[in-house]
Amino acid sequence: MTTLTAKVQLRKQLRATRRGLTAEQQALAAERLLTVLRPLLGQGKKQRIALYTAMDGEIDLTPLVAACRRWRIELYLPVLHRFKNSLLFARYDADSPMQANKYGIPEPYQTALVKPWQLNLVLLPLVGFDPQGGRLGMGGGYYDRTFAGAARWPKRPAMLGVAHECQKVARIPLEPWDIQLDAIISDARVYRKGPIPAN
Ligand SMILES: Nc1nc2c(c(=O)[nH]1)N(C=O)[C@@H](CNc1ccc(C(=O)N[C@@H](CCC(=O)O)C(=O)O)cc1)CN2
Ligand SMILES: Nc1ncnc2c1ncn2[C@@H]1O[C@H](COP(=O)(O)OP(=O)(O)OP(=O)(O)O)[C@@H](O)[C@H]1O
């Protein structure tokens, strides 16, 4: 089986698992995720965090958004680049005007953009993960393209994948362009190999 076929199958299976969670399980997972993540959110200095608006059964970051706003952390959401199949990051405040993108995911509309290296932390949505930090995404390659050169940037954000524990598999088939994550955070625990860079 080719890696592509394996990824397509795994994606189908894990997306169905994710969508099968009840509203109650989703709410509990969202609260637990906040508990696991809280110690990793640098406090004190000004923080810029990129996150996402959950869809398709993804773990919900609404409780985290509320907590970050209380802590005066600046939030950003991914915006699809008009033609490059990569992402821009736009300021996301409580009163930011929003507009749905071509996938129906809400994006801030005409708010301030930051360069990816100006972020301290990026929380990446994922379809599947393995305990070694491997990530399977939706298949658009958006995050891969956006952070392709990050290892050589003078400064880069910490990259944390976030997921339901039920999205874990033994091994995600990795391809050369797949970005390396610093850790995966589930509603149950943190999976990491080394230190998480402080940017
Ligand atoms: N919440 C969230 N936001 C995100 C991502 C994500 O995975 N989750 N992305 C992570 O990269 C980017 C969007 N990537 C996406 C890629 C494919 C599909 C999708 O639904 N594809 C359809 C078929 C294609 C179509 O409708 O044109 C599908 O697979 O059913 C959605 C988002 C940026 N924003
Ligand atoms: N840095 C890159 N430059 C050019 N093409 C890329 C790059 N990274 C990924 N791609 C292309 O994007 C496609 C999708 O890649 P992949 O299946 O790894 O996406 P994904 O990580 O699941 O998606 P996403 O990041 O959007 O959630 C692949 O066909 C790959 O060739």
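These values consider heavy atoms only, across backbone and side chains, with no hydrogens, waters or symmetry-generated copies. In each ligand, atom 1 is the first atom listed, and ligand 1 is the first ligand listed.
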Just to be sure I'm reading this right: ignoring hydrogens, which of [options] gets closest to [atom]? Compare them by their nearest heavy atoms.
| atom | options | value |
| --- | --- | --- |
| atom 29 (O) of ligand 1 | Met138, Arg11, Arg15 | Arg15 |
| atom 22 (O) of ligand 2 | Pro125, Gly140, Pro173, Gly137 | Gly137 |
| atom 14 (C) of ligand 2 | Gly149, Gly139, Gly128, Ala148 | Gly139 |
| atom 31 (C) of ligand 1 | Tyr103, Tyr142, Tyr52 | Tyr103 |

Taking 4.0 angstrom as the limit and counting only heavy atoms of [X], give me the atoms of ligand 2 inside it, by number and element.
| X | result |
| --- | --- |
| Arg135 | 21 (O), 24 (P), 25 (O), 27 (O) |
| Tyr143 | 25 (O) |
| Asp178 | 18 (O) |

**Asked** Within the structure, does at least one protein heavy atom fall under 4.0 Å of atom 22 (C) of ligand 1?
**Response** no

**Prompt:** Should you measure from each heavy atom of Tyr143, which atoms of ligand 1 turn up under 4.0 Å away?
**Reply:** 9 (N), 10 (C), 11 (O)

**Fill in**
Per-atom filter on ligand 1: closer than 4.0 angstrom to a heavy atom of Leu87 are 33 (C)

Protein residue, atom and distance nearest to [atom], heavy-atom basis:
| atom | answer |
| --- | --- |
| atom 19 (O) of ligand 2 | Gly141 N, 3.2 Å |
| atom 17 (O) of ligand 2 | Arg11 NH2, 3.2 Å |
| atom 5 (N) of ligand 2 | Arg145 NE, 3.5 Å |
| atom 21 (O) of ligand 2 | Asp144 OD2, 3.0 Å |
| atom 29 (O) of ligand 2 | Trp177 CZ2, 4.4 Å |
| atom 3 (N) of ligand 1 | Ile105 CD1, 3.6 Å |

**Leu77/Leu51 under side chain to side chain contact (heavy atoms under 4.5 Å, CB included): CA gap, chis, key distance, verdict** = CA-CA 6 Å; Leu77 283 177; Leu51 30 72; 3.6 Å; yes

**Message:** Heavy atoms only, cut-off 4.0 Å: how does Thr53 contact ligand 1, side chain, backbone, both, or neither?
**Reply:** backbone

**Request:** Select one of side chain, backbone, both or neither to describe which atoms of Lys12 lie under 4.0 Å from any atom of ligand 1, heavy atoms only.
**Result:**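 It is neither; nothing of Lys12 touches ligand 1.
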
**Request:** Check the angle between the aromatic planes of Phe147 and Phe89 and answer parallel, tilted or perpendicular using the 30° and 60° thresholds.
**Result:** tilted

**Request:** Return a yes/no value for Glu175: is any of its N or O atoms, backbone included, closer than 3.5 angstrom to an N or O of ligand 2?
**Result:**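 For ligand 2, there is no N or O atom that lies under 3.5 Å from one belonging to Glu175.
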
**Message:** Is it the case that ligand 2 has an N or O less than 3.5 angstrom from some N or O of Leu136?
**Reply:** no

**Prompt:** Short question: side chain of Asn120, backbone of Ile49 - any donor-acceptor pair under 3.5 Å?
**Reply:** no

**Asked** Is there a donor-acceptor pair under 3.5 Å between the side chain of Asp130 and the backbone N or O of Ile172?
**Response**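 Present.
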
**Asked** So how far is it from Cys68 SG to Leu121 CG, rounded to the nearest 0.5 Å?
**Response**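 Here the rounded value is 8.5 Å.
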
**Complete:** Interatomic distance, CD@Glu165 vs CZ@Phe129, rounded to 0.5 Å, equals 5.0 Å

**Asked** Any N or O on Glu58 sitting closer than 3.5 Å to an N or O of ligand 1?
**Response**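 The answer is yes, given that Glu58 and ligand 1 share an N or O pair closer than 3.5 Å.
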
**Fill in**
What one should report as the nearest heavy-atom pair of Tyr76 and Ala112 is CE2-O, 4.2 Å

**Prompt:** Would you call Pro125 a ligand 1 contact, heavy-atom distance under 4.0 Å?
**Reply:**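 Heavy atoms of Pro125 do come under 4.0 Å of ligand 1.
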
